[in-house]
Protein chains: 2
Amino acid sequence: MNRVTPKIQTFAQDCESCPIRHRAVCARCEADELQVLEQIKYYRSFEAGQTVAWAGDNMDFVASVVTGIATLSQTMEDGRRQMVGLLLPSDFVGRPGRSRSAYDVTAATNLVMCCFRRKPFEELMLSTPHIGQRLLEMTLDELDAAREWMLLLGRKTAREKIASLLCIIARRDASLQLSQSQGELSFELPLTREAMSEYLGLTLETVSRQMSSLRKEGLILTEGKRRITIPDFDKLLEETGDDSDGGFLV
Amino acid sequence: MNRVTPKIQTFAQDCESCPIRHRAVCARCEADELQVLEQIKYYRSFEAGQTVAWAGDNMDFVASVVTGIATLSQTMEDGRRQMVGLLLPSDFVGRPGRSRSAYDVTAATNLVMCCFRRKPFEELMLSTPHIGQRLLEMTLDELDAAREWMLLLGRKTAREKIASLLCIIARRDASLQLSQSQGELSFELPLTREAMSEYLGLTLETVSRQMSSLRKEGLILTEGKRRITIPDFDKLLEETGDDSDGGFLV
DNA sequence: CATGCTGTTTGATCTACATCAAGGAGTTTG
DNA sequence: CAAACTCCTTGATGTAGATCAAACAGCATG
């Protein structure tokens, strides 16, 4: 009973050609739509730390992450920051119509995005119901993730927050590499301590202390600053405070 | 320059007949769709405190709030609770397909919901693109609200949290009653101190203390336990920590 | 090879909020 | 109209995590 994989959809089952959402199974792509998408799409690369869009920008494109990681953040006037979303490969950003809120979109690692110019994309959406359907599914998943995160932010301890984040990243990472040894997971942390703290509603010092504490207790192993190995995933999962079968998904 | 109203869509502009979303302007209702919706809809009433659906239930309906207020909560194994959504009249609950997460849905006040049986609703959605469109818009708004709330949960002080909540409820309430004296808002708090604490990630004692503190400073006036009057909305808004023009929407 | 520079760790101290505890105000109930 | 209930307030005390501060590790730079 391996609890790591079940909830994970791997790229293996994906529709490679659907640029909207590689992650999910897509059996509805039709040639002419894809052709239109082909015409309005273009790629953009960003270096780690570069800003994709500032809060308040009128983004003239919508995009999906091809490789790398981007973060979605809000900032208060006095500089307090809260990350509100983590964009991993196949995740989508941008919305039809106006958003009331404004987020910074920042590359956490080197990043490649597949962009679609907004206007033609919106037109395509109107004429192609299933693209709207797809976006609805994705948005509902994001909403679920945001609400899980609200529980984390509002009620979890620092230790539980860290454990939760590590489990989520490990899960997502494992879903990309089909090879994984039983129970043991190893991955490169894509976030600095500061970015983690912004995500978890903590300070970077607290993040560092909790990481050290997990390390001392043998729940995680580290090589250098970024390489993390989880010798026993289930054991770390117990530290998250989640129901044992709660399937987090970011 | 009245900052209270601008972001609020009033019922005045609403399409009364569209059961999906009264709040937004709907110019796309077509007779035959409405007829189908008519056939599959039914009303349910709940008393304050009653549970509409438990976490883990397979809800066999989707629904929109007609009158009253419902809350969406998650609970951890050890009983820690976090409210993740507040459903006000015209808000929608339920989703096509399965949700990974499970929420309790509870009536905070007496509640009337307009329900649609799930199966036929989903079928209607497939055959009627604009209903999906509408749901996408609503879901994106909810996602924005959830993300605003993440900022609140992760980074705001207790005082800022209370001020934010009061401003949000006052705004929503004002949008329902067209009559409002300049700057002064008065409303009935639909939540107990405990419910507020669950929403804000605080304890009920802290909520009570902060309310008292705001009262002592004259930022709010109270009659009994529930009636709140905000003599100067802008002043209270300054306590929220938000950008002055940040338009919260729940 | 010193000189930064960026990201991290660890320690000492402080504080906002939680926790524990008691009592009050407004109801419903017998 | 007492008893019991629910919801709220206020006080005393405890603590998780913030803040302040110093130093270190890995890298790039001149």
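Proteins come first, then strands; the chains are lettered A, B, ... in the order of their sequence lines, and each starts at number 1.
A parallel orientation is assigned to the rings of W149(B) and Y199(B), their planes being inclined by less than 30° (bins at 30° and 60°).
Rounded to a whole Å, the CG atom of L200(A) is 13 Å from the C1' atom of dG17(D). Atom pair E223(B):CD and dA25(C):P shows a separation of 18 Å (rounding to whole Å applied). One interatomic measurement links the two molecules: CD of E198(B) to P of dA18(C), which rounds to 13 Å at whole-angstrom precision. Rounded to whole Å, the distance from CG on L191(A) to P on dT6(C) is 19 Å. Atom CD of E194(B) is separated from atom P of dT19(C) by 13 Å (rounded to the nearest Å). Distance CG (L152(A)) to C1' (dG17(D)): 15 Å, rounded to an integer number of Å. Distance CG (L153(A)) to C1' (dG17(D)): 15 Å, rounded to an integer number of Å. Rounded to a whole Å, the CG atom of L202(B) is 15 Å from the C1' atom of dA16(D).
No engagement by G49(B) is indicated, since no non-hydrogen atom pair under 4.0 Å with the nucleic acid exists. In this structure, L204(B) reaches the bases: a heavy-atom distance under 4.0 Å links it to at least one base atom across the strands shown. Nucleic acid contact class of R159(A) (heavy atoms, under 4.0 Å, all strands): none. Counting non-hydrogen atoms under 4.0 angstrom, T192(A) reaches the backbone sugars and phosphates but no base. Among the heavy atoms of the strands lying under 4.0 Å from S208(A) is at least one base atom, whether or not backbone atoms are also near. Within the nucleic acid shown, T203(B) comes within 4.0 Å of at least one base atom, counting heavy atoms only.
With DNA chain C read from its 5' end, the first of the two nearest nucleotides for R155(A) and R193(A) is the one closest to R193(A).
With 3.5 Å as the limit, one finds a donor-acceptor pair spanning the side chains of T75(A) and R81(A). A donor atom on one side chain and an acceptor atom on the other are not found under 3.5 Å apart for T240(A) and S164(A).
Relative to the ring axis of F187(A), R227(A) does not place its NZ or CZ within 45° and under 6.0 Å from the centre.
In the set dA18(D), dA18(C), dG26(D), the nucleotide with an atom closest to the side chain of K225(A) is dG26(D). Taking every side-chain heavy atom of R215(A) into account, dT10(C) is the closest of dC17(C), dT10(C), dG17(D).
T109(B) contributes a side-chain N or O that, together with a main-chain N or O of I69(B), makes up a donor-acceptor pair within less than 3.5 Å.
Phosphate proximity of dC8(D) to R226(B): present, with a side-chain N or O under 4.0 Å from OP1 or OP2. Here R209(A) does not reach the OP1 or OP2 of dT8(C): none of its side-chain N or O atoms lies under 4.0 Å away.
Under 3.5 Å, the side chain of E205(A) and the base of dC20(D) form at least one donor-acceptor pair of N or O atoms.
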